Number of protein chains: 2
Amino acid sequence: MASRAKATIFDIAREAGVSKSTVSLVLQGSGLIRPETAVKVRKAIEDVGYVYNRGAANLRKAHSNVIGMVINDLTNPFFAELAVGMERVFQSAGIVPFIANTAENPVRQEEVLKSLMEQGVAGLIVSPARGTTPGAFRRLEMAGVPVVFAMRRLPESRIPVITPDNHRGAYLAAAHLIGKGHRRLAFFGGSADLVVYQERLGGFREACETLGIAARDMTVIEGETSRRGGIACLDTALATSEPPTAALCFNDAVAFGVMLALRKRGLEPGPDFAVVGFDDVVEAEHYMPALTSVSVDTAGLGERAAHVMLKMIQSRTTRAEDHIGAVNLVVRESCGPDRRARNRPAGMGDAA
Amino acid sequence: MASRAKATIFDIAREAGVSKSTVSLVLQGSGLIRPETAVKVRKAIEDVGYVYNRGAANLRKAHSNVIGMVINDLTNPFFAELAVGMERVFQSAGIVPFIANTAENPVRQEEVLKSLMEQGVAGLIVSPARGTTPGAFRRLEMAGVPVVFAMRRLPESRIPVITPDNHRGAYLAAAHLIGKGHRRLAFFGGSADLVVYQERLGGFREACETLGIAARDMTVIEGETSRRGGIACLDTALATSEPPTAALCFNDAVAFGVMLALRKRGLEPGPDFAVVGFDDVVEAEHYMPALTSVSVDTAGLGERAAHVMLKMIQSRTTRAEDHIGAVNLVVRESCGPDRRARNRPAGMGDAA
DNA sequence: GCCTATAAATGGAACGTTCCAATAAATCAA
DNA sequence: TTGATTTATTGGAACGTTCCATTTATAGGC
């Protein structure tokens, strides 16, 4: 039954003995056509193996139903989860979103955005790649395509953002560490060109300052946001004269790396060195020891972003309010018992 | 400069003082137009903020450059890696593939495939969802759209497949276990409705038979292909009267679950119970203990699939040869020392 | 100068839909 | 019956490209 050339509504019309307009109406589920006619047409559609041509339709409709999700790193389970959250709401709205990966590469991102625009997307949810230039989204804005940023924001952009409360999350985590009796704290991983980094580091700093940790007792080491980066951070931190006894990591991947590096040195994550992660990916719970981490409800943020996008499309606007998602610290085993209750010698300077 | 209605080649033509045809030629990089004219046109394109309308173009060209990748579970890092491999080759071919997730749901898969067809994809690389019905790809075949299956195959389909050598991988793993002195072996996780499962189990069985393990010493327990499934498998296996001492797991996620469950019971993965995974995801190396696993070169298979797809599109065929990727067993720590030399202390393990 | 050959630019007809305005058919009020 | 009203159906003109067949401009040969 594989016809040579693809079937069009004209073929269906001929087959069913009606006009192309009638077929079009049936396709759109219009209530104007007589039920028997609709049945006849639908049968013809089935018979000729018709495939709807959305491109042709969009030519007239000027309103496509394609939504793009631009993700900066698909291999990071964190972003995969974000994507899944978004998908859930789009699915229930009958929309199939297309995911494109930029692999944290601004040039690739440019290509991806261009391609999606050419495809005539109705809207875009983007987790911008690191090093995105300020002008990267100008074309989108000019074209009036609604855009939402998820998880990351750009310095001076007016595009709505859905992000967790990074500042507060970092604050909570640092406060937890200090409460456990740690006095020399580190912040591991990430780099200053990310706004997220500044927010998290800001929360860390504020906790240290308000809870009486001197600036010289804070170690901040930038690094890759991966296991490898975590390993490197720990190594350089422990090489200093007065090494920290605890670290807040930029994300869970870094934290896993730190724990790995500790083990390699015969140190036990928790009792010997406390580590806290950020994002609370699913593995955090299953790690040995289980990772204490700042939970950000990734999938929930994804859903939120999708809802905002849907609303923007519906009200044909390009503006929307930012949304800062709640966070909370999930305490597990990677910070060990309270430091003061430990009879380990090694003369650590316990201030109080 | 945000014009109300989107600019078309007519607007550019007016702006540049040429005809629409000339603009079209410039857009396609034709060598027929005078360089100065091309420059003039390109400037106009920039000025009016023009966005190419690929839908309209495809209406005439009948050959889109959209390729879809349909993935059954994006949150599984294994499939994410597969996607990344494919992307690498598409990127260097200058095309942006769109990823769609089916979340292992055949109904969703149907929607996704329909949507991609309507979008006029040039080709599709699919890792079919579990429980896909035989007819699910009939429409695609009728429409003559090239399709390649990656990692999974459908029972009686004639669609080309790119997959690792599951049988051999499982054989190698089981042989390794037997070589370590194990005599009661288990196969954990997966379910019989997946062809992959049958292949892997087949390899396992063959190794056992040729290397002298009796059928009654083989325990086969189906289960979810996740950490949770692994936990369940181990629990039911250890509840039998003569429990196995080693297990080949359907994939790494199951293996992680098994190791977790062992730890919960105070057993040490390796010395107390040997476990081998399948797929060799990146985490396998970083686990404690590091997981012995069958490496399948996921990204490489993705690249392969992409190449095959490109070739199919180019030669406008819907047929291609299957490709069975090489596998190899990466021996790490999760099988412990040889079983026969057992009273050695567990050196590399962590503090119990 | 004229004719031919080549180079550069152009108008028009398609591509497969939607949607408006118009028609045809059926129903109803008088 | 007639006209008005409602219900179903239909033709035609868009939508923004590509590509073929032409036209126009430029150059070359004699």
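Proteins get letters first, then strands, A, B, ... in listed order; numbering begins at 1 in each. None of the values given here were measured: they were computed from a predicted structure.
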Original post:
Is there a donor-acceptor contact under 3.5 Å linking the side chains of A/Gln109 and A/Thr132?
Top reply: yes
| query | Without hydrogens or angle criteria, can the side chains of A/Ser24 and A/Ser21 be said to hold a donor-acceptor pair below 3.5 Å? | reply | no
Can you tell me how far [atom2] of [N] sits from [atom1] of [X], to the nearest Å?
| X | N | atom1 | atom2 | answer |
| --- | --- | --- | --- | --- |
| A/Asn58 | C/dT17 | CG | P | 12 Å |
| B/Gln119 | C/dG16 | CD | P | 16 Å |
| B/Lys40 | C/dA8 | NZ | P | 14 Å |
| A/Lys61 | C/dT17 | NZ | P | 12 Å |
| A/Glu36 | D/dT7 | CD | C1' | 13 Å |
| A/Ile9 | D/dC15 | CD1 | C1' | 14 Å |
| B/His63 | C/dC15 | NE2 | C1' | 16 Å |
| A/Asn65 | C/dT17 | CG | C1' | 14 Å |

Check nucleotides 11-14 of chain D against the protein and report each pair of N or O atoms closer than 3.5 Å, with its distance, or say if there are none.
{"from": "D/dG11", "atom 1": "N7", "to": "A/Ser21", "atom 2": "OG", "distance (Å)": "2.9"}
{"from": "D/dG11", "atom 1": "O6", "to": "A/Ser21", "atom 2": "OG", "distance (Å)": "3.0"}
{"from": "D/dG12", "atom 1": "N7", "to": "A/Lys20", "atom 2": "NZ", "distance (Å)": "3.2"}
{"from": "D/dG12", "atom 1": "O6", "to": "A/Lys20", "atom 2": "NZ", "distance (Å)": "2.4"}
{"from": "D/dA14", "atom 1": "N3", "to": "A/Arg60", "atom 2": "NH1", "distance (Å)": "3.0"}

All heavy atoms of B/Met309 vs all of B/Ile67, minimum pair found to be CG-CD1, 4.1 Å
Q. Step by step, would you call A/Asp322 with A/Arg153 a side-chain contact (heavy atoms from CB on, under 4.5 Å)?
A. CA-CA 10 Å; A/Asp322 290 359; A/Arg153 67 172 79 234; 3.8 Å; yes
Let me have the donor-acceptor pairs involving side chains of residues 71-81 of chain B, under 3.5 Å, with sequence neighbours excluded, atom names and distances please.
{"from": "B/Asn72", "atom 1": "OD1", "to": "B/Ser127", "atom 2": "OG", "distance (Å)": "2.6"}
{"from": "B/Asn72", "atom 1": "ND2", "to": "B/Glu104", "atom 2": "OE1", "distance (Å)": "3.4"}
{"from": "B/Asn72", "atom 1": "ND2", "to": "B/Glu104", "atom 2": "OE2", "distance (Å)": "3.1"}
{"from": "B/Asp73", "atom 1": "OD1", "to": "B/Thr75", "atom 2": "N", "distance (Å)": "3.1"}
{"from": "B/Asp73", "atom 1": "OD1", "to": "B/Thr75", "atom 2": "OG1", "distance (Å)": "2.7"}
{"from": "B/Asn76", "atom 1": "OD1", "to": "B/Phe78", "atom 2": "N", "distance (Å)": "2.9"}

If you apply the rule side-chain hydrogen bond (donor to acceptor under 3.5 Å, both in side chains), what do you find for B/Ser115 with B/Glu111, and how did you get there? CA-CA 6 Å; B/Ser115 176; B/Glu111 294 170 9; over 6 Å; no
Ranking C/dT17, D/dT17, C/dA9 by distance to the side chain of A/Tyr52, first place goes to C/dT17
Checking D/dC15, D/dA8, D/dT17 against the side chain of B/Asn53 (C-beta onward), the nearest is D/dT17
Expected list for residues 24-33 of chain B near DNA chain C, using heavy atoms below 4.0 Å, is B/Leu25, B/Leu32, B/Ile33
query: What's the verdict on salt bridge (charged side-chain N to carboxylate O under 4.0 Å, His left out) for A/Lys114 and A/Glu118, showing C-alpha distance, side-chain angles and the deciding distance?
result: CA-CA 6 Å; A/Lys114 177 150 171 272; A/Glu118 292 182 355; 3.7 Å; yes
### Query
Do A/Ile324 and A/Ile162 come within less than 4.5 Å of each other through their side chains, counting heavy atoms only?
no
For B/Ala299, the side chain to side chain contact (heavy atoms under 4.5 Å, CB included) test, sequence neighbours excluded, returns B/Arg88
Side chain to side chain contact (heavy atoms under 4.5 Å, CB included) filter on A/Ser157, not counting sequence neighbours, yields A/Phe149, A/Leu154, A/Ile159
For C/dA8 and B/Thr37 - does any side-chain N or O of the residue sit under 4.0 Å from the phosphate oxygens OP1/OP2?
no
Distance below 4.0 Å between A/Arg34 side-chain N/O and D/dT7 OP1 or OP2: no
* Asked: Between B/Lys311 and B/Glu321, does at least one N-O distance fall below 4.0 Å, as a salt bridge requires?
  -> no
message = Working note: A/Arg139 + B/Glu46, criterion salt bridge (charged side-chain N to carboxylate O under 4.0 Å, His left out); need CA distance, chi angles, decisive distance, verdict.
response = CA-CA 10 Å; A/Arg139 321 280 314 228; B/Glu46 202 57 44; 3.6 Å; yes
Students should find that the end-to-end axis angle of the helix from C/dG1-D/dC30 to C/dA30-D/dT1, with five pairs defining each axis and rounding to 10 degrees, is 50°
